[in-house]
Amino acid sequence: MSLAPFIHAMGRGPSRARSLTREEARDSMRLILDGEAAPEAVGALFMLMRYRGEVADEIAGFVDAMRARLAPWQTLAPALDWPSYAAGRSRGLPWFLAAARLVAQAGHPVLLHGWNSHQNPVADVRAALSAFDIPLVRDPAAAREALGAGGIAYVPLDALDPEILRLLRLRDVLGLRSAVNTACRMLNPGGAATSVQGVFHPSYRDLQQDAGALLGQREMIVLKGGGGEFERHPGKAVALYGLRAGTAFETTAPALLDTARRLADPSAEPAHLTAIWTGQRSDPFAEATIIGTAAAALLALGTAGTITTAEAEARRLWAARLPARAA
């Protein structure tokens, strides 16, 4: 097989071209990941998909092929899947890591995964892991141990599958993101029952919600977050798209602060992460970002029925974070 039939289907012209079915997308991604597709064809397929606009069946098919290579990871079954694939050019410190730590300390194991080595120094996720005692793991055994010991772990994409990372990095060659970026957010390598996902462009909220339903994701929340991460801006009302028991829903998380500050404002050094977490310094904006993001994750997990009750729980967790961390 080659990618030619799939490229032909998508590129026949305005009146006859069509999107790929889930099965076609799965077969095309399998060919690509197995190294059986010409690089020129891979670029053509990705850019046609970009030009036409990704559809849920295509993303689900891509994820099907990717997950088939991750069987050892799928048995981890953490409570919460937390992808992190933002480019980092338009975001600040990764406060969402503190939110993930709060959720883990509440008894909900969190598996973070992503690729962030291309980010700017302020937004560097890997460099910030130590501020919240989040271990970086590179194999399922280490991930299982970390989840059992501290309830949280971060696995880089190159440890999950170097070939998927290679496809993601084609952005450097093509000059544009591809559907691989969306598929990675949907990857859920550990097979978590609940997933949270951030997007940069609002239109992707519907796309990822629909793809999640096709993939059998029962619980999920997607929001437009800082630079594309799952990170809630505390100074804005934020639309939440998701799945609850497999059924689509939408709600709005109200603003927590009256502020014009942006998540991307370069107003803090990376050391600020540790200082805020340990209570050595106070930053109401950063703290509200953490609490608001944690609340959205708790809502996804179903521990609270409304965003208001989830925020109250997140505030309690924030106030109690240090004793829980020391224990």
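We count residues from 1, following the sequence as given. Owing to the predicted nature of the structure, the values given are computational and were not obtained by experimental measurement.
- With hydrogens and angles ignored, the 3.5 Å screen pairs a side-chain donor or acceptor of E24 with a backbone N or O of T21.
- Panel note: side chain N181, backbone S178; a donor-acceptor pair is recorded below 3.5 Å.
- Taking the side chain as every heavy atom from C-beta outward, E231 and L263 approach each other to under 4.5 Å.
- Using a 4.5 Å cut-off between side-chain heavy atoms of Ile, Leu, Val, Met, Phe, Trp and Tyr, with links allowed through other members, L273 and V103 fall into the same hydrophobic cluster.
- You'll find the side chain of T274 stays beyond 4.5 Å of the side chain of R281, heavy atoms only.
- For the pair T252 (side chain) and P254 (backbone), a donor-acceptor distance under 3.5 Å is absent.
- For L157 against C184, the heavy-atom pair with the smallest separation is CD2-SG, 4.1 Å.
- Aromatic ring centres of W277 and W95: separated by at least 6.0 Å.
- Put simply, L317 and F132 are part of the same group of oily side chains (I, L, V, M, F, W, Y) that touch within less than 4.5 Å, one to the next.
- Looking only at side-chain heavy atoms (C-beta outward), M29 and V180 come within less than 4.5 Å of each other.
- L70 and L214 fall into different hydrophobic clusters, where Ile, Leu, Val, Met, Phe, Trp and Tyr are joined by side-chain heavy atoms under 4.5 Å apart, directly or via other members.
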Exercise for the section: I would like to know whether R232 and E311 meet salt bridge (Lys or Arg N to Asp or Glu O under 4.0 Å); could you show each step before the answer? Expected result: CA-CA 12 Å; R232 177 181 161 196; E311 287 163 0; 2.6 Å; yes
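- Atoms CE and CG, on M220 and L80 in that order, are 12.5 Å from each other to the nearest 0.5 Å.
- Pairing each heavy atom of D81 with each of A192, the nearest pair is N-CB, 3.5 Å.
- With contacts defined as side-chain heavy-atom distances shorter than 4.5 Å, the pair L243/R218 does not qualify.
- Annotation: side chain of L97 is in contact with side chain of L129 (closest heavy-atom distance under 4.5 Å).
- Under the 4.5 Å side-chain criterion, counting only non-hydrogen atoms from C-beta, T309 is not in contact with L298.
- Taking a 6.0 Å sphere around CZ of R138, one finds it holds more than 12 heavy atoms contributed by other residues, nucleotides or ligands.
- Grouping the Ile, Leu, Val, Met, Phe, Trp and Tyr side chains by contacts below 4.5 angstrom, directly or via other members, places V199 apart from F230.
- Side-chain atoms of T293 do not come within 3.5 Å of backbone N or O of I290 as any donor-acceptor pair.
- Formation of a donor-acceptor pair under 3.5 Å by the Q197 side chain with backbone atoms of L223 is not found in this model.
- Nearest heavy atoms, V196 versus A300: CG1-CB, 3.9 Å.
- No continuous path of ILVMFWY side-chain contacts below 4.5 Å connects M186 to L165, so the two sit in separate hydrophobic clusters.
- Of the possible donor and acceptor atoms, one in the side chain of R205 sits under 3.5 Å from a partner among the backbone N and O of P202.
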Problem - Test side chain to side chain donor-acceptor pair (under 3.5 Å) applied to E229 and S84, step by step - result: CA-CA 6 Å; E229 296 285 7; S84 171; 2.9 Å; yes
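- For the pair Q74 (side chain) and P189 (backbone), a donor-acceptor distance under 3.5 Å is present.
- Paired with W73 under the rule side-chain contact (heavy atoms from CB on, under 4.5 Å), one option of D161, N188, L160 passes, and it is L160.
- Looking only at distances, no side-chain donor or acceptor of H201 sits under 3.5 Å from a matching main-chain atom of S203.
- Between F96 and W82, the ring planes are parallel. Angles under 30° get that label, and only those over 60° would be called perpendicular.
- A cation-pi arrangement, defined by a distance under 6.0 Å to the six-membered ring centre and an angle within 45 degrees of its axis, is absent between R315 and W318.
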Considering only distance and modelled atom types, tabulate donor-acceptor pairs under 3.5 Å from the side chains of residues 139-156, sequence neighbours left out.
| residue | atom | partner | partner atom | Å |
| --- | --- | --- | --- | --- |
| D139 | OD1 | A141 | N | 3.1 |
| D139 | OD1 | A142 | N | 2.8 |
| R144 | NH2 | T75 | OG1 | 3.0 |
| Y154 | OH | G114 | O | 3.3 |
| Y154 | OH | N116 | OD1 | 2.9 |

Handout entry: salt bridge (Lys or Arg N to Asp or Glu O under 4.0 Å) between R261 and D283, worked out
Key = CA-CA 12 Å; R261 181 173 162 183; D283 183 336; 3.2 Å; yes
Side chains of residues 53-65: which donor-acceptor partners sit under 3.5 Å, not counting sequence neighbours?
| residue | atom | partner | partner atom | Å |
| --- | --- | --- | --- | --- |
| E54 | OE1 | T182 | OG1 | 2.7 |
| E54 | OE2 | R177 | NH1 | 3.0 |
| E54 | OE2 | Y204 | OH | 3.4 |
| E58 | OE1 | V55 | N | 3.3 |
| E58 | OE2 | L20 | N | 2.9 |
| D64 | OD1 | R22 | NH2 | 3.0 |
| D64 | OD2 | R22 | NE | 2.7 |
| D64 | OD2 | R22 | NH2 | 3.2 |

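- Within the 4.5 Å cutoff, the side chain of R67 has heavy atoms near those of the L215 side chain.
- Residues L174 and M47 form a side-chain contact, since some pair of their non-hydrogen atoms from C-beta on lies under 4.5 Å apart.
- At least one donor-acceptor pair closer than 3.5 Å links the side chain of Q209 to the backbone N or O of F249.
- Of all non-hydrogen atoms in V125 and P94, the two that sit nearest each other are CG2-CB, 4.3 Å.
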Practice task
Let me see the working for R321 and D133 under salt bridge (Lys or Arg N to Asp or Glu O under 4.0 Å), right down to the final yes or no.
Solution key: CA-CA 13 Å; R321 71 193 182 282; D133 291 337; over 6 Å; no
